[in-house]
Asks: 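Can you keep this structure in mind? I'll have questions shortly.
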Amino acid sequence: MTDLLFRNVRLIDPAAGLDQPGELLVRDGKIADLGPSLGQPDGATLIEGDGAVLCPGLVDMRAELGEPGGEYRETITSAAEAAAAGGITTLAALPDTRPTIDDPALVRLLRTRGEETGSLTILPYAAATRGCRGEEMAEIGLLHEAGAVAFTDGARAIGSARMMRLILSYASGFGARVVQHPEEPSLAEGGAATQGELATRLGLPAIPAAAEAILVARDIRLAQMTGGTVHFAHVSTAEALELIRRAKADGLAVTCDTAPPYFDLNETAIGNFRTYAKLSPPLRREADRLAVAAALADGTIDAIASDHQPRDADDKRLPFAQAAAGGAGLATLLAVTLVQVHGGTLPLIQALGLLTVRPARLLGSAAGTLGKGVAADLCLFQPDRAWQVEAGALPGKAQNTPFDGRALEGRVVGTWKAGRRVFGA
Amino acid sequence: MHHRNRHLLQIEGMHPPQIDAMLDLAESYVLLNRSGKTQRDLLRGRTLINLFFEDSTRTRTSFELAGKRLGADVINMSVSTSSVNKGETLLDTAATLNAMNCDLLVVRHDQSGAPALLAQKVDAAVINAGDGTHEHPTQALLDALTIRRRKGRLQGLTIAICGDVLHSRVARSNIHLLTAMGSRVRVVGPPTLLPSNAERLGVDVFHDMKSGLDGADIVMMLRLQRERMNRSLIPSFREYFRFYGLDSEKFAYAKPDALVMHPGPMNRGVEIDSAVADHPERSVIKEQVEMGVAVRMAVLDILSRANHRND
């Protein structure tokens with residue numbers, strides 16, 4: 001493998017607090033050196049950055065892959081293609097597939113399937129309960145040993161307080177994190193939109209925003225009681241974020257992420273029954289969107305995940321309440337996050353931290369930094385380059401983007417996995 | 001004998017001299033039993049009733065043998081706990097027993113505190129043979145005797161009690177006895193099988209066998225009941241065995257001369273591997289059974305004397 005020299009790039013490494021123009025040298029697939037000027041290393045292939053940002057490959061801590069069992073929606077190969085186009089080189093895959101990832105052999109299989117793509121490290125979540133049914137605890141110890149990065153029932157909330165208590169307690173014996181879909185199931189059942197005027201006008205069954213806060217409040221209390229570690233996925237409401245903010249201030253082992261739709265869109269995106277904007281949790285009211293954006297800036301939110309949920313046209317071409325929830329998110333993760341940067345509410349280095357080192361640390365991964373000697377997983381992007389999202393023209397198989405038609409600034413021009421270019425000319 | 005308590009309901013609250021006295025007397029019964037002699041006049045004319053509300057072949061047999069070796073008349077009563085109103089049944093039973101002029105009453109019950117309740121209502125000396133998840137005092141005494149005979153002392157030993165401590169009356173009695181006698185006690189198990197505030201009982205808490213067994217003189221394994229898995233306290237037996245089952249590899253974390261104990265009956269391949277359970281030098285599991293008879297003879301002896309004096 002020949003050496004690579006990135007020249008005339010803006011190096012941003014949130015882990016090191018680094019943001020400066022310079023150069024970066026890749027040797028044997030690893031980051032060999034970086035600095036203002038590295039001279040003329042012999043035989044290195046030159047990559048001219050034209051002032052573009054070079055940062056660690058993005059670490060997406062929450063995505064559904066479709067495989068195994070939902071290959072008509074997405075395969076690991078197609079997801080890897082979309083991820084590479086989005087600058088993502090490491091991805092944590094949800095376990096509520098068919099079969100469920102609740103057996104150590106399946107955890108190992110997912111890791112291997114990621115390696116086979118050559119462009120994407122897959123960090124498998126494992127099910128917290130068998131079959132993600134919420135009834136019996138999964139083999140958390142054996143799954144952890146096999147390489148599961150955390151435990152979750154994916155799109156399903158662990159609804160029983162007793163079961164959540166046991167899981168938090170048991171997982172704490174292995175130092176493992178439990179990831180919760182924070183939505184009180186009995187309040188959310190059958191709901192299609194957030195409760196409010198819009199849902200009332202459209203005549204849609206509604207989910208109260210409090211369904212999120214109620215489960216978050218309960219699980220914070222259970223984490224405190226058990227000494228367990230809980231992480232709330234795709235938090236979308238002001239009330240839940242305030243609870244998390246307070247728990248963090250109290251020193252509890254509580255973390256959370258959100259996804260771009262929740263700080264970039266509000267409930268009006270479902271407009272006249274646009275099913276591509278039907279998500280789980282549902283898009284919220286504007287005040288909640290603003291609260292999510294504020295929580296990104298003040299550090300309450302630990303990571304931004306794509307929350308990629310591939311759906312095919314048939315899943316979505318249904319009356320709104322019957323259509324599948326979920327949006328594609330791999331290709332738009334970076335650019336939608338940059339909206340916050342361009343809007344002046346979030347510094348670029350902080351935004352990239354939420355997309356790289358911070359989720360990596362939550363997942364126990366060494367990825368997400370530009371440290372010397374680490375694998376050269378890199379993302380090169382032009383922060384000001386404009387483009388328009390177009391469902392049907394996205395990389396990968398899933399086209400169900402809630403951002404269809406959205407004009408964005410910030411485009412990935414190259415992605416490298418262990419020093420090998422996996423996206424861009 | 002300085003043991004003036006009328007009953008043996010729990011180890012908690014017993015003082016080291018009382019425990020020593022019981023163990024010393026039990027020691028003498030070990031020698032007596034081994035010599036093949038008997039002392040059938042000691043409890044002659046006394047009536048011992050084994051009142052078991054919960055099945056237990058081994059404890060009942062042990063008490064039966066102990067009573068017979070000392071010359072008592074032994075009667076076994078098994079009472080089904082499935083009868084409708086347990087509270088009422090228990091007190092009705094007490095009235096019946098009083099009418100029978102029973103001297104020594106050995107009680108096992110699935111409810112914590114049931115022997116203590118009976119003790120308030122019967123004239124006989126009550127011996128707790130295991131109540132719910134509370135205590136099993138004679139098991140702790142026989143374990144202590146086994147350890148003392150092998151290690152020469154209880155003081156200063158490091159003892160790891162491993163597995164389902166949450167539901168174990170054996171563990172509770174052992175924790176009280178061993179900490180009172182100056183041993184350092186650890187409990188080791190998955191968080192879902194350890195009681196809350198365990199450290200308040202004076203033990204150190206571990207969630208992995210490697211650190212929990214490191215430097216231990218004694219490894220006490222507890223029985224894991226299938227019911228624990230049905231209630232999702234652990235995910236599977238294979239996972240339990242992998243992380244908490246005592247096999248040769250995990251036993252090697254303990255001291256080279258560490259001994260393994262188990263109150264029985266064992267689930268081989270769940271909490272203990274046969275290679276360890278049957279180890280000729282380091283397993284004292286069969287010896288525990290032998291000590292059980294001697295300890296129960298000593299307990300019957302002491303309580304019948306104490307009650308005799310109080311008559």
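If you're wondering where the values come from, they're calculated on a predicted model, not measured in any experiment.
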Asks: What part of B/Leu194 gets closer than 4.5 Å to chain A, counting heavy atoms only: side chain, backbone, both or neither?
Replies: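 No part of B/Leu194 comes within 4.5 Å of chain A.
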Asks: Among A/Gly141, A/Pro104, A/Ser172, which residue forms the greatest number of heavy-atom pairs with chain B at distances under 4.5 Å?
Replies: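 Of A/Gly141, A/Pro104, A/Ser172, A/Gly141 has the most heavy-atom pairs under 4.5 Å with chain B.
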Asks: For A/Met225, is it the side chain, the backbone, both or neither that has a heavy atom under 4.5 Å from a heavy atom of chain B?
Replies: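 Contact with chain B: none, neither part.
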Asks: Do B/Glu287 and B/Thr146 get their side chains close enough for a donor-acceptor pair, meaning under 3.5 Å?
Replies: no
Asks: Kindly indicate whether the side chain of B/Val170, heavy atoms from C-beta on, has any atom under 4.5 Å from the side chain of B/Asp143.
Replies: yes
Asks: Given A/Asp302, which of A/Arg245, A/Arg358, A/Arg177 fulfils the salt bridge (Lys or Arg N to Asp or Glu O under 4.0 Å) condition?
Replies: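 In the set A/Arg245, A/Arg358, A/Arg177, the residue that makes a salt bridge (Lys or Arg N to Asp or Glu O under 4.0 Å) with A/Asp302 is A/Arg358.
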Asks: Between A/Glu135 and chain B, with a heavy-atom cut-off of 4.5 Å, which part of the residue counts as in contact: side chain, backbone, both or neither?
Replies: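 Just its backbone gets close to chain B.
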Asks: Quick one: which of B/Ser232, B/Ser196, B/Gly189 has the most heavy-atom pairs under 4.5 Å with chain A, could you say?
Replies: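 So the answer, after comparing B/Ser232, B/Ser196, B/Gly189, is B/Ser232.
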Asks: What pairs meet the side chain to side chain donor-acceptor pair (under 3.5 Å) rule with one or both residues in residues 154-171 of chain A, with sequence neighbours excluded?
Replies: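 Non-adjacent pairs meeting side chain to side chain donor-acceptor pair (under 3.5 Å): A/Tyr170-B/Glu239.
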Asks: Does the side chain of A/Asp257 come under 3.5 Å of the side chain of A/His231 through a donor N or O and an acceptor N or O?
Replies: yes
